[in-house]
Amino acid sequence: MPRSASSIRHIVRNLKLEYEGCSLEDIIRDRKIILLYIDDLEVDGAYGKFDIHFGNCVSISKQFIFINSKLDYYKRIYVLAHELGHAILHPDVNTIDQNYKPVIADCKIEMQAEIFASEFLLDDDSTLEYINLGVTNINQAKEQCVPVKYVDLKRKNLVYANFKIAF
């Protein structure tokens with residue numbers, strides 16, 4: 001389902017209000033998403049929704065987030081945010097198959113998950129403060145331990161949301 005940056009921003013704001021003070025892992029657990037750390041995962045992270053079959057024709061559908069267990073703390077955080085974005089924005093689209101192999105994902109849904117992660121990890125006030133102090137995207141990313149592309153996305157979203165930014 002295509003989503004605009006502003007609708008993703010709205011979804012994230014509501015999620016952060018609902019789960020104020022909670023970690024990404026807390027949110028994932030509360031939403032009944034199964035979080036698995038895997039040593040030999042070929043990618044940093046992936047999302048999938050799979051049917052689990054039991055005897056007597058009983059099956060349930062469960063959401064999974066897979067994280068490469070070898071990631072450092074900071075990378076794990078932004079990969080968790082990205083994969084949570086898939087779980088919320090694209091609940092029926094798998095980025096991994098049942099053999100833990102990545103599938104080629106649609107660029108649009110990947111960009112939407114990136115926007116979700118940038119909105120989740122970077123709040124408006126601190127980003128506006130960095131902008132108004134003249135801090136570069138690269139330096140903000142270093143200070144906040146996120147990829148530069150997330151700072152780029154966040155700053156673009158603030159402009160699109162009509163925030164007053166001093167340049």
Side-chain angles (χ1 to χ4, degrees), residues 1-124 141 144-154 156-157 160-161:
M1 169 184 226
R3 299 191 186 263
S4 68
S6 63
S7 70
I8 294 169
R9 180 179 164 73
H10 180 74
I11 289 166
V12 172
R13 288 177 64 128
N14 288 337
L15 184 72
K16 288 172 86 170
L17 286 172
E18 180 181 350
Y19 289 102
E20 188 174 355
C22 292
S23 71
L24 281 161
E25 283 134 341
D26 291 338
I27 296 169
I28 290 166
R29 191 176 310 109
D30 188 68
R31 296 179 72 89
K32 310 286 190 255
I33 300 167
I34 298 170
L35 177 58
L36 297 172
Y37 290 91
I38 299 174
D39 287 340
D40 59 351
L41 195 61
E42 292 180 14
V43 291
D44 291 340
Y47 166 78
K49 184 175 183 181
F50 302 108
D51 293 330
I52 302 171
H53 301 284
F54 301 98
N56 302 326
C57 300
V58 175
S59 67
I60 59 170
S61 236
K62 290 299 292 179
Q63 290 179 295
F64 292 83
I65 290 177
F66 304 92
I67 301 294
N68 186 324
S69 61
K70 296 175 183 164
L71 299 179
D72 67 41
Y73 172 79
Y74 296 105
K75 191 160 190 178
R76 185 179 78 227
I77 295 303
Y78 60 78
V79 171
L80 279 169
H82 175 98
E83 300 308 334
L84 179 60
H86 282 305
I88 291 172
L89 301 173
H90 320 112
D92 296 317
V93 177
N94 290 341
T95 64
I96 194 167
D97 68 20
Q98 292 186 340
N99 297 313
Y100 307 118
K101 302 292 181 200
V103 294
I104 304 300
D106 180 304
C107 290
K108 287 180 186 175
I109 68 167
E110 286 304 316
M111 180 53 73
Q112 291 169 359
E114 294 285 87
I115 292 168
F116 181 97
S118 73
E119 287 295 327
F120 190 92
L121 296 173
L122 301 168
D123 68 53
D124 294 349
Q144 295 194 295
C145 300
V146 298
V148 174
K149 64 184 173 184
Y150 284 11
V151 175
D152 294 342
L153 287 168
K154 179 64 177 186
K156 286 177 189 170
N157 288 344
Y160 293 135

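Keep in mind it's a predicted model, so treat the numbers as computed, not measured. Values below: all heavy atoms of this structure, side chains included; hydrogens, waters and symmetry mates excluded.
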Participant: Answer yes or no: are there more than 12 heavy-atom neighbours, outside E18 itself, under 6.0 Å from its atom CD?
Facilitator: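 Buried by this count: over 12 neighbours within 6.0 Å.
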
Participant: Who passes side-chain hydrogen bond (donor to acceptor under 3.5 Å, both in side chains) against Y150, sequence neighbours left out?
Facilitator: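 Here the qualifying residues are E114.
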
Participant: Who pairs with D123 by salt bridge (Lys or Arg N to Asp or Glu O under 4.0 Å), at least two apart in sequence or on another chain?
Facilitator: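 Testing D123 for salt bridge (Lys or Arg N to Asp or Glu O under 4.0 Å), a comparison that skips the adjacent residues, returns none.
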
Participant: If I take atom CZ from residue F64 and atom CD1 from residue I38, how far apart are they, to the nearest 0.5 angstrom?
Facilitator: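 F64 CZ to I38 CD1: 9.5 Å, rounded to 0.5 Å.
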
Participant: Mind checking the CG-CD1 spacing from L80 to I67? Nearest 0.5 Å is all I need.
Facilitator: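 Spacing of CG (L80) from CD1 (I67) equals 4.0 Å.
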
Participant: Could you tell me the separation between the OH atom of Y47 and the NE2 atom of H82, rounded to the nearest 0.5 Å?
Facilitator: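 Spacing of OH (Y47) from NE2 (H82) equals 12.5 Å.
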
Participant: Nearest heavy-atom pair of L89 and P91: which atoms, and what distance?
Facilitator: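 Looking at all heavy atoms of both residues, the shortest contact is C-CD, 3.5 Å.
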
Participant: Is the backbone N or O of A87 less than 3.5 Å from a side-chain atom of Q63, with the two atoms forming a donor-acceptor pair by type?
Facilitator: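 Yes; judged by distance alone, with no hydrogens or angles, the pair exists.
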
Participant: Going by the rule side-chain hydrogen bond (donor to acceptor under 3.5 Å, both in side chains), which residues pair with D44 if we only count those two or more places apart in sequence or in a different chain?
Facilitator: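 With neighbours one apart ignored, the set is K75.
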
Participant: Should E25 and L35 be marked as a side-chain contact (heavy atoms from CB on, under 4.5 Å) after you check the CA-CA gap, both sets of side-chain angles, and the distance that decides it?
Facilitator: CA-CA 8 Å; E25 283 134 341; L35 177 58; 3.7 Å; yes

Participant: Just how far is it from atom CG of L24 to atom CD of E83, taken to the nearest 0.5 Å?
Facilitator: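 Output value for this atom pair is 11.5 Å.
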
Participant: Using the ring of each side chain (for Trp, its six-membered ring), is H90 parallel, tilted or perpendicular to H86, with breaks at 30° and 60°?
Facilitator: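 Plane angle between 30° and 60°, so tilted.
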
Participant: Nearest heavy-atom pair of Y37 and S69: which atoms, and what distance?
Facilitator: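 Here Y37 and S69 meet closest at CB-CB, 4.0 Å.
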
Participant: Of the non-hydrogen atoms in D39 and N68, which two are nearest, and what is the gap between them?
Facilitator: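 Closest pair (atom of D39, atom of N68, distance): O-OD1, 4.1 Å.
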
Participant: Please report the interatomic distance OG(S7) to CD(Q112), rounded to the nearest 0.5 Å.
Facilitator: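 The OG atom of S7 sits 7.5 Å away from the CD atom of Q112.
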
Participant: My understanding is that only residues two or more places apart in sequence, or in another chain, count here; which of them pass side-chain hydrogen bond (donor to acceptor under 3.5 Å, both in side chains) with R31?
Facilitator: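 Result, side-chain hydrogen bond (donor to acceptor under 3.5 Å, both in side chains) vs R31: none returned.
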
Participant: How close do G45 and V79 get, counting heavy atoms only, and between which atoms?
Facilitator: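 Taking G45 first and V79 second, the nearest heavy atoms are CA-CG1, 3.7 Å.
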
Participant: Looking only at heavy atoms, what is the nearest atom pair of L121 and Y78, with distance?
Facilitator: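 Smallest heavy-atom distance, with atoms named: CD1-CB, 3.4 Å.
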
Participant: Within a 6.0 Å radius of atom OH on Y74, are there more than 12 heavy atoms belonging to other residues, nucleotides or ligands?
Facilitator: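 No, OH of Y74 has 12 or fewer neighbouring heavy atoms, counting only those of other groups under 6.0 Å.
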
Participant: Taking salt bridge (Lys or Arg N to Asp or Glu O under 4.0 Å) as the definition, give me every residue that meets it alongside D92, ordered by chain and number, with sequence neighbours left out.
Facilitator: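 So D92 forms a salt bridge (Lys or Arg N to Asp or Glu O under 4.0 Å) with K49.
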
Participant: Is any side-chain heavy atom of I88 less than 4.5 Å from a side-chain heavy atom of F120?
Facilitator: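 No, too far: nothing below the 4.5 Å cut-off.
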
Participant: Can you check side-chain contact (heavy atoms from CB on, under 4.5 Å) on R13 and E119, steps first, answer last?
Facilitator: CA-CA 8 Å; R13 288 177 64 128; E119 287 295 327; 5.6 Å; no

Participant: Answer whether the closest heavy-atom distance between the side chains of M111 and R3 falls below 4.5 Å.
Facilitator: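 No, every pair of side-chain atoms sits at 4.5 Å or beyond.
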
Participant: In this structure, which one of N14, D26, D30 forms a side-chain hydrogen bond (donor to acceptor under 3.5 Å, both in side chains) with Y19?
Facilitator: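 Per the side-chain hydrogen bond (donor to acceptor under 3.5 Å, both in side chains) rule, the option paired with Y19 is D30, out of N14, D26, D30.
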
Participant: Could you grab the distance from atom CD1 of I65 to atom CG of L84, nearest 0.5 Å is fine?
Facilitator: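 Reported value, rounded in 0.5 Å steps: 5.5 Å.
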
Participant: For D152, give me all partners under side-chain hydrogen bond (donor to acceptor under 3.5 Å, both in side chains), at least two apart in sequence or on another chain.
Facilitator: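 By the side-chain hydrogen bond (donor to acceptor under 3.5 Å, both in side chains) rule, D152 matches N137.
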
Participant: State, to 0.1 Å, how close V146 and L122 come at their nearest heavy-atom pair, and which atoms those are.
Facilitator: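 Looking at all heavy atoms of both residues, the closest pair is CG2-CD2, 4.0 Å.
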
